[in-house]
Visitor: 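My questions all concern the structure below.
Here the structure is a predicted model, which is why all the values come from computation and not from measurement.
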Amino acid sequence: MNNSVGNTGRVLWAGLRALLVLTVLCGVLYPLAVTGVAQVAFPGKANGSEIEDASGKVVGSALIGQTYLAGDAPDLRWFQPRPSNGLGTNSVNTRYALILSGATNRSGDNADLIRWVTDAKAAVVRDNSVNGYTVKPSDVPADAVTSSGSGLDPHISPAYAELQVHRVAQRNRLDVAAVEKLVADHTDDRVLGFIGEPRVNVLKLNIALKELLTRG
């Protein structure tokens with residue numbers, strides 16, 4: 001009996017010691033080591049890929065999309081991102097309504113998805129047709145009317161950025177060529193030349209647009 005109790009006590013004490021050691025190793029030392037290495041080797045990425053404007057103020061992340069609104073409607077002075085239909089919304093983050101990353105999970109023949117795409121295409125055509133430049137429904141790229149798989153994509157295609165150039169130029173009284181150059185300067189190529197598609201980070205593009213307006 002005494003041997004049994006003693007053996008049980010030793011087993012429990014060994015388990016407790018293992019728990020304490022592993023807690024310190026895996027719950028304290030390892031996270032601190034990983035965080036330290038990340039801060040030294042990749043400080044920007046480790047801190048959320050934050051983007052600063054010309055004044056040094058953090059205005060967002062290179063990894064998370066934002067909306068640009070005037071009241072409840074898109075602020076047409078700025079380049080607009082992809083639609084942000086997703087899993088859920090919040091009332092705290094006024095810059096981006098989504099609170100959960102994920103797709104809409106609607107099938108191609110879903111009535112809600114068809115209505116979203118139809119309404120989005122009509123809005124893109126209406127908003128971006130200006131004097132001397134008319135957008136046709138066939139000109140609208142897919143990313144202008146559909147959300148990404150995460151719903152949080154910070155990028156748009158060069159085609160969608162170029163489609164918005166005339167509207168942005170007119171709204172801000174800028175030369176079209178100057179705005180086209182902004183888009184070209186902020187178009188990222190495929191990773192390693194063959195992975196993914198060319199893309200434009202909307203936040204970075206709008207920061208550059210703001211700087212251009214300030215200089216002008």
Visitor: Determine the minimum heavy-atom distance between P198 and P158, stating which atoms define it.
Guide: O-CD, 3.3 Å
Visitor: So which pairs with a foot in residues 59-77 pass salt bridge (charged side-chain N to carboxylate O under 4.0 Å, His left out), sequence neighbours left out?
Guide: D75-R77
Visitor: By the rule that ILVMFWY residues connect when side-chain heavy atoms come within less than 4.5 angstrom, directly or transitively, which residues belong alongside V191?
Guide: L192, F194, I195
Visitor: With a 4.0 Å cut-off, would you call R82 and D143 a salt bridge?
Guide: no
Visitor: Suppose we screen for side chain to side chain contact (heavy atoms under 4.5 Å, CB included). Which residues come up paired with L25, at least two apart in sequence or across chains?
Guide: V21, L29
Visitor: Quick one: pull up CG in N206 and CG in D53 and give me the separation to the nearest 0.5 Å.
Guide: 12.5 Å
Visitor: Looking at every non-hydrogen atom in both residues, tell me the closest pair between T146 and P83 and how far apart they are.
Guide: O-CD, 3.5 Å
Visitor: Is any side-chain heavy atom of L205 closer than 4.5 Å to a side-chain heavy atom of L182?
Guide: yes
Visitor: Rounded to the nearest 0.5 Å, how far apart are CZ of R17 and CG of L22?
Guide: 12.5 Å
Visitor: Looking only at heavy atoms, what is the nearest atom pair of A120 and A144, with distance?
Guide: CB-O, 4.5 Å
Visitor: Do L76 and V140 share a hydrophobic cluster, counting only Ile, Leu, Val, Met, Phe, Trp and Tyr and linking them when any side-chain heavy atoms are less than 4.5 Å apart?
Guide: no
Visitor: Flag the pair V202 / Y68 as yes when at least one side-chain heavy-atom distance between them is below 4.5 Å, and no otherwise.
Guide: yes
Visitor: Going by the side-chain hydrogen bond (donor to acceptor under 3.5 Å, both in side chains) test, which pairs reach into residues 123-132, not counting sequence neighbours?
Guide: N128-R167
Visitor: Going by side chain to side chain contact (heavy atoms under 4.5 Å, CB included), name the residues that satisfy it together with I114, two or more places apart in sequence or in a different chain.
Guide: T118
Visitor: At what distance, to the nearest 0.5 angstrom, does CG of L212 lie from CD1 of I207?
Guide: 14.0 Å
Visitor: When you measure from the side chain of Q66 to the backbone of L203, do you find a donor-acceptor pair of N or O atoms at a distance under 3.5 Å?
Guide: no
Visitor: Has the side chain of D188 got a donor or acceptor atom that lies under 3.5 Å from a matching backbone atom of V200?
Guide: no
Visitor: What is the minimum heavy-atom distance between I51 and S61, and which atoms define it?
Guide: CD1-C, 4.0 Å
Visitor: Do L20 and V24 touch side chain to side chain, with heavy atoms closer than 4.5 Å?
Guide: no
Visitor: Look only at the side chain of N172 and the backbone of L174, and say whether a donor-acceptor pair between them is shorter than 3.5 Å.
Guide: no
Visitor: Between CG of L163 and CZ of F79, what distance do you get to the nearest 0.5 Å?
Guide: 10.5 Å
Visitor: Who are the salt bridge (charged side-chain N to carboxylate O under 4.0 Å, His left out) partners of K136, not counting sequence neighbours?
Guide: D139
Visitor: State, with a plain yes or no, whether a side-chain heavy atom of P74 is found less than 4.5 Å away from one of Q80.
Guide: yes
Visitor: Would a hydrophobic clustering, with Ile, Leu, Val, Met, Phe, Trp and Tyr connected at side-chain separations under 4.5 Å, put F42 with I64?
Guide: no
Visitor: By the salt bridge (charged side-chain N to carboxylate O under 4.0 Å, His left out) test, which pairs, at least two apart or in different chains, include something from residues 107-121?
Guide: R106-D112, D112-R115
Visitor: Quick test of your reading: applying side-chain hydrogen bond (donor to acceptor under 3.5 Å, both in side chains), list the pairs with at least one residue in residues 24-43, sequence neighbours left out, ordered by first then second residue.
Guide: Q39-N47
Visitor: Would you say that P31 contacts V34 through its side chain, given a criterion of any heavy-atom pair below 4.5 Å between the two side chains?
Guide: no
Visitor: Under the salt bridge (charged side-chain N to carboxylate O under 4.0 Å, His left out) rule, what pairs show up with a residue in residues 193-210, not counting sequence neighbours?
Guide: R190-E197
Visitor: Got a second to check how far E50's CD is from L63's CG, nearest 0.5 Å?
Guide: 10.5 Å
Visitor: What residues form a side chain to side chain contact (heavy atoms under 4.5 Å, CB included) with K181, not counting sequence neighbours?
Guide: D185
Visitor: Run the side-chain contact (heavy atoms from CB on, under 4.5 Å) check on V179 and Q164 step by step: do they pass?
Guide: CA-CA 10 Å; V179 182; Q164 302 182 61; over 6 Å; no
Visitor: Testing the basics here: between A62 and P154, what is the closest heavy-atom pair and its distance to 0.1 Å?
Guide: O-CG, 3.2 Å
Visitor: What residues form a ring pair (Phe, Tyr, Trp, His ring centres under 6.0 Å) with H166, not counting sequence neighbours?
Guide: Y133
Visitor: Among pairs that include at least one residue of residues 168-179, which meet salt bridge (charged side-chain N to carboxylate O under 4.0 Å, His left out), considering only residues two or more places apart or in two chains?
Guide: none
Visitor: Set out, in order, the CA-CA distance, both residues' side-chain angles and the distance that settles side-chain contact (heavy atoms from CB on, under 4.5 Å) for W78 and V168, then state yes or no.
Guide: CA-CA 6 Å; W78 306 102; V168 170; over 6 Å; no
Visitor: Where the side chain of T67 meets the backbone of L69, is there a donor-acceptor pair that is under 3.5 Å apart?
Guide: no
Visitor: To the nearest 0.5 Å, what is the distance between OG1 on T8 and CG on L12?
Guide: 6.5 Å
